[in-house]
Trainee: 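Here it is: the structure, laid out below.
Numbered from 1 within each chain, the chains take letters A, B, ... in sequence-line order.
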2 protein chains.
Amino acid sequence: MRNTGYTIRSMAERCGMTTHTLRYYERVGLIQPVGRARNGHRRYSEADEAWLHFLHCMRATNLPIRDLQRYASLRELGEATSLDRRKILEDHQAVIASQIHELEKAHALLTHKISNYRKIEERLGLAGAAEPAEQMEEQPAVAVSA
Amino acid sequence: MRNTGYTIRSMAERCGMTTHTLRYYERVGLIQPVGRARNGHRRYSEADEAWLHFLHCMRATNLPIRDLQRYASLRELGEATSLDRRKILEDHQAVIASQIHELEKAHALLTHKISNYRKIEERLGLAGAAEPAEQMEEQPAVAVSA
DNA sequence: CTACTCCTTAAAGCGCGCTCCAAGTCAAGA
DNA sequence: TCTTGACTTGGAGCGCGCTTTAAGGAGTAG
């Protein structure tokens with residue numbers, strides 16, 4: 001029965017989620033039951049906000065809800081679960097590192113393919129081919145294979 | 001009616017996909033109808049393999065199948081579609097760049113939280129807290145907040 | 001009192017990208 | 001001849017993470 005705190009709508013805006021998602025997260029145990037105003041409406045605390053931002057960050061990097069559920073339940077058990085919680089974070093950090101690697105490979109591949117398309121367009125005389133090059137007096141003879 | 005080329009199974013292994021996925025991609029038009037042996041079995045060419053590797057790379061970086069379908073159909077129309085295809089790749093490259101940014105932020109956050117857990121474990125005298133430190137004679141007084 | 005807005009709930013629905021199933025064909029080997 | 005195994009097809013099923021729906025309550029303005 002708390003009358004201070006954020007409404008579900010304002011918390012949703014603050015965290016970049018929808019109100020639906022906030023209720024959903026509560027339902028599946030990602031956040032503990034939120035305090036309520038006298039009329040039954042949810043009132044989110046600052047602590048809720050910090051936790052929600054963390055959830056948002058983890059979800060944005062593809063940590064499954066299953067894992068977050070486990071992490072959340074360990075968190076509720078207190079500091080004795082530190083090792084287990086750290087393991088979850090370390091595992092996810094490793095996954096993130098390899099995702100970054102994959103993305104960087106793809107980024108490089110795209111750079112290569114995009115430059116090929118530019119060359120094709122130049123050859124065909126299509127508009128837009130030289131878009132990023134302001135002056136075209138001399139080409140530095142870029143060597144790109146395949 | 002070709003008798004050379006990779007079987008669906010060996011192509012699946014080469015591309016890190018399942019045979020199910022290869023048939024699915026063909027079904028939804030991500031790859032054009034594959035050549036067949038006399039018995040009706042698929043036979044994949046080197047060109048198929050290159051294209052499949054590209055698809056794999058794009059899917060691994062979350063480019064939706066919808067976008068790949070569009071890209072694939074443009075590709076079948078020839079070089080005149082260069083501009084449109086380049087646009088798709090450039091858009092995806094921008095998405096990748098921002099994904100990398102998100103992942104790096106999360107990685108940093110995790111580094112921070114993991115170090116906090118180590119400190120908790122040290123204080124509680126839990127095993128594994130100093131795992132990455134081979135010798136613990138003197139601590140360099142690490143300053144980490146929150 | 002009415003209308004409106006904001007919230008509540010349980011439950012159903014959905015889009016994506018596979019993934020699996022059932023039934024059948026074909027070819028090689030014991 | 002029978003079995004085994006790799007393939008074929010169309011279609012159904014599934015896990016994830018929301019997202020929407022339906023029905024209703026509480027508070028405020030006119």
Trainee: Rounded to the nearest angstrom, tell me the gap between atom OH in B/Y44 and atom C1' in D/dT8.
Mentor: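 It is 12 Å, rounded to the nearest whole Å.
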Trainee: Quick check on A/H101: does its NE2 atom have over 12 non-hydrogen neighbours (other residues, nucleotides or ligands) under 6.0 Å away?
Mentor: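 Count not over threshold, so no.
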Trainee: Within the side chain of A/W51, is there an N or O that forms a donor-acceptor pair under 3.5 Å with the backbone of A/Q32?
Mentor: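 Side chain of A/W51 to backbone of A/Q32: no pair is present.
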Trainee: In whole Å, what is the span from the CZ atom of A/R9 to the C1' atom of C/dT5?
Mentor: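 That distance rounds to 9 Å.
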Trainee: Whole-Å distance between C/dC26 P and B/R42 CZ?
Mentor: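 It is 16 Å, rounded to the nearest whole Å.
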Trainee: Could you state the atom-to-atom distance from CD of B/E26 to P of C/dC18 in whole Å?
Mentor: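 Value for this atom pair: 15 Å.
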Trainee: Consider only side-chain N and O atoms of A/Q99 and A/T61, and report whether a donor and an acceptor are under 3.5 Å apart.
Mentor: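 Result is no, nothing qualifies.
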Trainee: Please report the shortest heavy-atom distance between B/H92 and B/N62, naming the atom on each side.
Mentor: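 It is CE1-C, 4.3 Å.
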Trainee: Starting at atom CG of B/D67, determine the distance to atom C1' of C/dG15, rounded to an integer number of angstrom.
Mentor: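 The answer, rounded to whole Å, is 14 Å.
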Trainee: Are the side chain of B/R59 and the backbone N or O of B/L63 linked by a donor-acceptor pair below 3.5 Å?
Mentor: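 Yes.
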Trainee: Search all heavy atoms of A/A72 against all heavy atoms of A/L30 and return the closest pair with its distance.
Mentor: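 So the two residues come closest at CB-O, 4.0 Å.
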Trainee: Look for any protein N or O under 3.5 Å of an N or O in nucleotides 25-30 of chain D and output each such pair with its distance, or none.
Mentor:
none

Trainee: Indicate yes or no for a side-chain donor-acceptor contact from B/E121 to the backbone of B/L126 under 3.5 Å, with no hydrogens or angles considered.
Mentor: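 Not confirmed, B/E121 side chain does not pair with B/L126 backbone.
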Trainee: Which nucleotides of nucleotides 16-22 of chain D have their base under 4.0 Å from a protein heavy atom (B), which only their sugar-phosphate (S), and which neither (-), written as one string 5' to 3'?
Mentor: SBBBB--
Trainee: Pairing donors with acceptors under 3.5 angstrom, does anything connect the side chains of B/S45 and B/D48?
Mentor: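 Indeed, the side chains of B/S45 and B/D48 share at least one donor-acceptor pair under 3.5 Å.
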Trainee: Looking across every strand, which nucleic acid part, if any, lies under 4.0 Å from A/T19 by heavy atom: base, sugar-phosphate, or nothing?
Mentor: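 The answer is nothing, as A/T19 stays clear of every strand by at least 4.0 Å.
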Trainee: Do the side-chain N and O atoms of A/R85 and A/Y71 include a donor-acceptor pair separated by under 3.5 angstrom?
Mentor: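 No donor-acceptor contact under 3.5 Å links the two side chains.
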Trainee: So does B/R23 get a side-chain nitrogen or oxygen closer than 4.0 Å to the phosphate oxygens (OP1/OP2) of D/dT8?
Mentor: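 It does, given that an N or O in the side chain of B/R23 lies less than 4.0 Å from OP1 or OP2 of D/dT8.
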Trainee: Does A/R36 have a side-chain nitrogen or oxygen under 4.0 Å from the phosphate oxygens OP1 or OP2 of C/dT9?
Mentor: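 Yes.
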